[in-house]
Q: 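Before I ask anything, here is the structure I am working with.
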Amino acid sequence: MTRHFLAISDLDPDQLLRLIRRGRDHAAADPRQESRLGLRGLSVAQLFYEPSTRTRCSFELAARRLGADVLNLDIDTASTVKGETALDTAMTLAAMGVRLFVIRHADAELIRTLADALPPGCAVLNAGAGRRQHPTQALLDMITLDEAGLDPAALSVSIVGDIRHSRVASSVIAALQTLGCRRIRLGGPPAFLPETTPPEVECHDNLADTIRDADVVMTLRIQRERMQAGELAGIDDYHHQWGLREATLAKYAPRARIMHPGPMNRGVEIEDAVADGPRSLILDQVRNGVAARMAALEWLAEENQR
Amino acid sequence: MTRHFLAISDLDPDQLLRLIRRGRDHAAADPRQESRLGLRGLSVAQLFYEPSTRTRCSFELAARRLGADVLNLDIDTASTVKGETALDTAMTLAAMGVRLFVIRHADAELIRTLADALPPGCAVLNAGAGRRQHPTQALLDMITLDEAGLDPAALSVSIVGDIRHSRVASSVIAALQTLGCRRIRLGGPPAFLPETTPPEVECHDNLADTIRDADVVMTLRIQRERMQAGELAGIDDYHHQWGLREATLAKYAPRARIMHPGPMNRGVEIEDAVADGPRSLILDQVRNGVAARMAALEWLAEENQR
Amino acid sequence: MTRHFLAISDLDPDQLLRLIRRGRDHAAADPRQESRLGLRGLSVAQLFYEPSTRTRCSFELAARRLGADVLNLDIDTASTVKGETALDTAMTLAAMGVRLFVIRHADAELIRTLADALPPGCAVLNAGAGRRQHPTQALLDMITLDEAGLDPAALSVSIVGDIRHSRVASSVIAALQTLGCRRIRLGGPPAFLPETTPPEVECHDNLADTIRDADVVMTLRIQRERMQAGELAGIDDYHHQWGLREATLAKYAPRARIMHPGPMNRGVEIEDAVADGPRSLILDQVRNGVAARMAALEWLAEENQR
């Protein structure tokens, strides 16, 4: 059976730990080292039905560092002009010899349908789908915690912001729980809290209770479009109530390390002093993003070559 | 004299057979094999003045598997902003060291003009031009027939759809006739039949007569834009009269294999059961497209290196 | 301290001569030679906030010929959708392991700010900024003069056209003066002459006085947008007064070699007979552009690796 990487919850703790270890090895390695070209001769296609330069570049660098060829499909130009379905696009690329499909799409079901339809030997990596799944983001966060010497099983983790619409949040919660994390708190304005609270997770309606004594605080990107749509009172108001500021952290969560999936809205969900200060793990997350994607690509290539 | 690949009719039977054999070798080879990097250090530029993700990806994979660098020029962004002519663009790229030019353009004459103007050692591959020429598409179709054990000289081939506006059709007819095919039938609504019937070819005004007892039926993509422009009565009507359906094929052409240059309009010129059924050679065509382009690129690189 | 390449005037004569020599070596080398892969394993990102296919392709070919990976960021799509600042984009790419940043931006100050902010080991190449700086263009022009056997210290160089808005002109003037050139004349309509004449440079209001007995005449691209905005009387008028025509050159500057940074407006600032004639160094400039960028990339990679 072909192995894909569609959701973090598809992995058991051992599988996730192996991927974390593999990612840490890549993060520690010299990018100029020739011997890591494990994907040489393999073709990777990136199908991004939602734009994300950051994630696309991270996957592209990961694939190229492993020696793969990378095809970037600009889907706006590509399929709308001639009206080809996503399934025909994927099947066509598979027939052309593409073996690894990095796909971002608003519809998580579609990605699973593609994975089921592709011929044996072709693997799908979910690069962000729907509101729930962004498995490589969760993997890079776990690699970053591990690198910082933080064991999820012993941590209190707080997630702040638009939890409801965030595939980052739900993927990270799943990864943390897989690794035994027992204390996860979520906080944000009512419209941003999840409709159904995940098991063993607390929700709060104020920042102090959300982050008090947390070891790790992850804040999420506020989509300005939502604010313009009137779901939020305003940017200043959000920053005042939910923005991560050094003064608040010093008071309520003095030892907390800070994470953010990027790109940041500085002055909205986070102030510069926090983003760029000593608590911040944000650039480590970006760095480990490439390593996480190398680990995931390499793992799928190996699993499907047997 | 520099060798280009502008039209299938520029090749004599021996040259075409050699390209087919070369393409079959590439199709059979393992893409991860290092020894095929015959274009290493060569730069290929893709100039697509009409969008075609499918053909661009096919050429890009072909070039990369041979070790070449590939530059993709987004011509909308590129030349309209600064108003450079296609000739200056090509001459500039040649001066930068590009040796192989993969060009798609609405104007077939322009491609020939570029080929004539480029300095020695620079070769042009026509990736689709005007209404007549798409030589690598014809090549991949011949490779696919060969692989399926079908000898064009002994075949009855039917082509259905918008023949008049199709460079695929005219290129395939030329390739089949070069290889000795004696029975080619064309069929479609009156507005889609060619203004001048090619020699030794029959035209029909109904599907049954077009495909009766054919060995191979190739159907062409219906451009929805044409239907919207009122040239066709409607999609349902077209599907009813000219769409390839398993029931019709079983009745009139029971042993026929099916080809389509893609991308398909499912439910218009072809139904799912035919596209995805055992008669279909459609994904073989896509797979052999990469092999055909590898063969063509390699051939031009060799011819022009002497 | 990290070494960047932001302005030609940052180089002393020895440094500039070393870069010219290095560029000439690359220009003379066989692109298929394997041993020049000095950037293998390094990642280069191209951030073009103003479109320029020509410069982007030149850098891309240069980087790939040295074995680097190249990421092209389409900034329109990229950063406007999610509103990330240029600084966060650059820091993110640096965290992903990008070491060389090729940046074009309307604001020269911004490029310097990015260079200052990036972590050690990350170098910025200015690929055109503001109205003053385009250092690799000046470098390729100096390589082209050297290759043509022309020593700047002994030359009379004339620059014709829109000097005021041209970063090419000001960069070339700086390079020529660094190499000891004592006779530089500028000419163009009043609205195109510089607000402040650089030291030891003459300005003229007619073509004859600008180019009389010059060894080299460089003409600049007329931006049609400016003409439409009414800054110029009209295209025909400009061509009549300031266009380089063989008849004028034969009369006033019979031994002059002609340069143009491209892309050309044929029939406006230059006629075909001059652009394509024996005086023209224009395609040599394009060819040497790749060599110049190879020299610059390699130099920065070496300087920052120590």
Side-chain angles (χ1 to χ4, degrees), chain A residues 34-35 37-49 60 63-64 66-102 113 116-122 297-298 301-302 304-306, chain B residues 26-27 29-37 48 50-68 70 72 74-77 140 144 221-225 260-268 272 275-276 281-294:
Chain A
E34 281 294 295
S35 54
L37 301 179
L39 302 191
R40 199 191 284 259
L42 275 194
S43 300
V44 175
Q46 300 213 71
L47 279 71
F48 274 62
Y49 291 86
E60 183 161 348
R64 288 201 194 283
L66 291 167
D69 289 328
V70 180
L71 276 187
N72 286 307
L73 270 77
D74 176 349
I75 300 293
D76 283 339
T77 318
S79 47
T80 51
V81 171
K82 292 205 172 167
E84 194 176 27
T85 67
L87 183 57
D88 274 333
T89 301
M91 295 301 278
T92 297
L93 290 166
M96 287 180 189
V98 169
R99 287 295 161 262
L100 293 163
F101 293 77
V102 176
T113 305
D116 290 343
L118 283 168
C122 292
L297 288 163
E298 201 179 52
E302 284 170 16
N304 293 313
Q305 206 163 15
R306 291 176 194 169
Chain B
H26 282 301
D30 175 357
R32 305 198 65 167
Q33 206 175 310
E34 280 293 295
S35 55
R36 293 184 307 143
L37 300 179
F48 275 63
E50 292 178 348
S52 173
T53 304
R54 174 183 284 251
T55 304
R56 181 184 66 71
C57 286
S58 183
F59 268 109
E60 183 161 347
L61 286 169
R64 288 200 194 282
R65 277 188 202 149
L66 292 167
V70 180
N72 286 307
D74 176 347
I75 300 292
D76 284 339
T77 318
L140 74 89
T144 302
R221 201 172 176 280
I222 289 305
Q223 317 238 326
R224 285 168 186 274
E225 311 79 40
H260 188 298
M264 291 181 277
N265 286 310
R266 290 167 174 272
V268 184
D272 287 352
D276 306 325
L281 294 169
I282 296 172
L283 288 178
D284 301 283
Q285 291 174 275
V286 175
R287 181 168 43 78
N288 288 322
V290 179
R293 279 132 195 162
M294 290 175 79

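Excluded from the calculations below are hydrogen atoms, water molecules and symmetry mates; all remaining heavy atoms, backbone and side chain alike, are included. These numbers come from a predicted model, not from an experiment. Throughout, a chain's letter reflects where its sequence line sits, starting with A, and its residues are numbered from 1.
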Q: Please name all residues satisfying side chain to side chain contact (heavy atoms under 4.5 Å, CB included) with B/Arg56, sequence neighbours left out, ordered by chain then number.
A: B/Gln46, B/Phe48, B/Thr53, B/Glu60, B/Asn72
Q: Which heavy atom of B/Arg54 sits nearest a heavy atom of A/Met96, and at what distance?
A: O-CE, 3.3 Å
Q: Could you report the tightest heavy-atom contact between B/Arg266 and A/Asp88, atom names first, then the distance?
A: NE-OD2, 2.8 Å
Q: I need the contact set between residues 284-293 of chain B and chain A: heavy-atom distance under 4.5 Å, sorted by residue number.
A: B/Val286, B/Arg287, B/Val290
Q: Quick one, B/Cys57 and A/Leu73 - any side-chain contact, counting heavy atoms below 4.5 Å?
A: yes
